[in-house]
Trainee: 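So that we are looking at the same thing, I have put the structure below in structure tokens.
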Amino acid sequence: MAKAAVLHRYGEPLTIEEVEVASPKRGEVRVKLKAAGLCHSDWHVIEGKLPLPLPIVLGHEGAGIVEEVGEGVASVKQGDHVVLNWVPSCGTCSYCRIGRPDLCEEAARLTATGTLPDGTTRFSLHGKPVYQFLTAGAFSEYTIVPEQAVIPIRRDVPFELAALIGCSVMTGVGAVIHTARVPPGSTVAVVGAGGVGFNIIQGAALAGAKQIIAIDVVEEKLAMTKTFGATHTVNAREDDAVSAVLDLTDGVGVDYAFEAIGRPETMADAYNMARKGGMTVIVGIAAPHETVEINAFSLPSQSKTLTGSWLGQGNPPVDYPKLLDLCAAGRLKLEPLISAVYSLGQINDGFAALKSGQNIRGIIRFEE
Amino acid sequence: MPVFQSEQEVYDVLGRFFEKVAETDESKELIASTELSPGYDAYVQYIFHKPEAKITWMEEYGKLKIVCGETELRPELVFEQTADVGHKFWLGKLDLQQALARQQIKVQGPLVNALKVLPQLDAIYPAYREYLQEIGRSDLLP
Ligand SMILES: [Zn+2]
Ligand SMILES: [Zn+2]
């Protein structure tokens, strides 16, 4: 049994229930969660923007301790500290083989089914299955995930910080380092100062960008972006973001523009504020039926690269330890990103704060 | 901060300026040489955001007439932009092609009609600057 936050119906609050957690099968691991972040992707599911089978245990940005391993598990053992990896790539599909585990077909399939690879879950309530979001199901005291979904980590980083690595840090820093490969001296704009946006900003600073323009509508968050490396801020409630970026770049636009909100309008803005021949990376996740409108003539005449980045194009087994080393060395600031810590029972308050844009990251800390 | 603080200020500045443009011989010539397609009764409508405002150019007695605010008129050509971008455009500080590519200005209707006018705009840009000085709004000059 485990206490878990369950979504029964779209648009309704999560309810805390005692769910049954079955034992790990072959190749699976039982994790005792210590911390889990509240991410916009979880909120999208609650809102009904990402259709998934219900009831479901949400949560995918988590860290904890391995409690039990199933048969054949070799990469982790009981007592290991781990970060959950919500893109548990299979290693054998065509994308894994060309070195793009972020695009793994098998992991993408599990995103839509809300199950483990065998098509079932280990959570149940009154004998009926409860699905688990992104194979993780991190809003639960215990979860069972495939071996590929846990990354062993150093033990000296607090679980709250380690949890952030598993989504917002990998996504933000990875979009800069892996997807855009921002070279030193670049100009960068970041649309959206949330958990991911802040990590894009500090990723760009880490990469040596000379100008980093943060764009948001919340003045307090914009002020904070400066301590993460932003050189300029634009309040999009007061100023038109594209015009403001052009003004700040002598009318040229930025070398790299990132969108970290997930709205079609801000995605178009990010495209429009990149310079000719520049690159725009969409990191924010929109609902599956939405479309972005961009100018047709600009495609050939401005020759920009428009791309997207899923989990920062990361390779978690390689990247998570590196990111944690950077964090331990003080090169990545994670603590200030945590705006509030909640108990599992307060999770709906956490989502309310997320929705209102008041939190950068809210974290669930599991009780002992 | 946006250049214009209210809808009324857009009409007081851009609207009144367009009325001045309507008095010029160039605009009268232009009206005489332009024919509206069937179903339309206005040439151009500017839809502004931040602040929200609408200015429509129609013809009356062979002259350009400026209508500020909501209207039932059906314009053949619609330009949508922020008031800031509109202001920049009439100052001659905006490359139309670039502004279209970046969606700072969105156009509906036959753009070719607007492109015909472009060469004459070079004469109008300085007029907007002069007009701003005339009405004591040199604070809006870059
Ligand atoms: Zn996430
Ligand atoms: Zn794969």
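Quick note: numbers below take in every heavy atom, side chains included, and nothing from hydrogens, waters or symmetry partners. The structure presented is a predicted model; accordingly, all values stated were derived computationally and were not measured. Naming convention: chains lettered A, B, ... in sequence-line order (proteins, then strands); numbering from 1 in each chain.
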Trainee: Please look at A:A274 and chain B and tell me whether the side chain, the backbone, both or neither of the residue comes under 4.5 angstrom of a heavy atom of that chain.
Mentor: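 Contact with chain B involves the backbone of A:A274 alone.
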Trainee: For residues A:T266 and A:E259, is any side-chain donor paired with an opposing acceptor at under 3.5 Å?
Mentor: yes
Trainee: Parallel, tilted or perpendicular, judged at 30° and 60°: which one describes the rings of A:H40 and A:H44?
Mentor: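 It falls in the tilted class, 30° to 60°.
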Trainee: Would you kindly say whether A:S298 and A:Y271 are connected by a side-chain donor-acceptor distance under 3.5 Å?
Mentor: yes
Trainee: Side chain, backbone, both or neither: which part of B:Q104 has a heavy atom under 4.5 Å from chain A?
Mentor: side chain
Trainee: Report, by ascending residue number, the residues of residues 203-224 of chain A in heavy-atom contact with chain B at a distance under 4.5 Å; give 'none' if the set is empty.
Mentor: none
Trainee: Among A:N295, A:D240, A:N272, A:I294, which has the most heavy-atom pairs under 4.5 Å with chain B?
Mentor: A:N272
Trainee: For the OH atom on B:Y40, are there more than 12 heavy atoms of other groups (residues, nucleotides or ligands in this structure) within a distance under 6.0 Å?
Mentor: no
Trainee: Is it true that B:Y46 and B:F18 have ring centroids separated by less than 6.0 Å?
Mentor: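 Yes, the ring centres sit under 6.0 Å apart.
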Trainee: For B:E52, enumerate each residue passing the side-chain contact (heavy atoms from CB on, under 4.5 Å) test, keeping only those at least two apart in sequence or located in another chain.
Mentor: B:H49
Trainee: Using 30° and 60° as the class boundaries, would you call the ring planes of B:Y128 and B:F17 parallel, tilted or perpendicular?
Mentor: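 Tilted.
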Trainee: So which residue, A:L299, A:D239, A:D269, ends up with the most heavy-atom pairs under 4.5 Å with chain B?
Mentor: A:D239
Trainee: Can B:Q98 and A:Q302 be counted as having a side-chain donor-acceptor contact under 3.5 angstrom?
Mentor: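 A pair is found: one side chain offers a donor N or O, the other an acceptor, under 3.5 Å apart.
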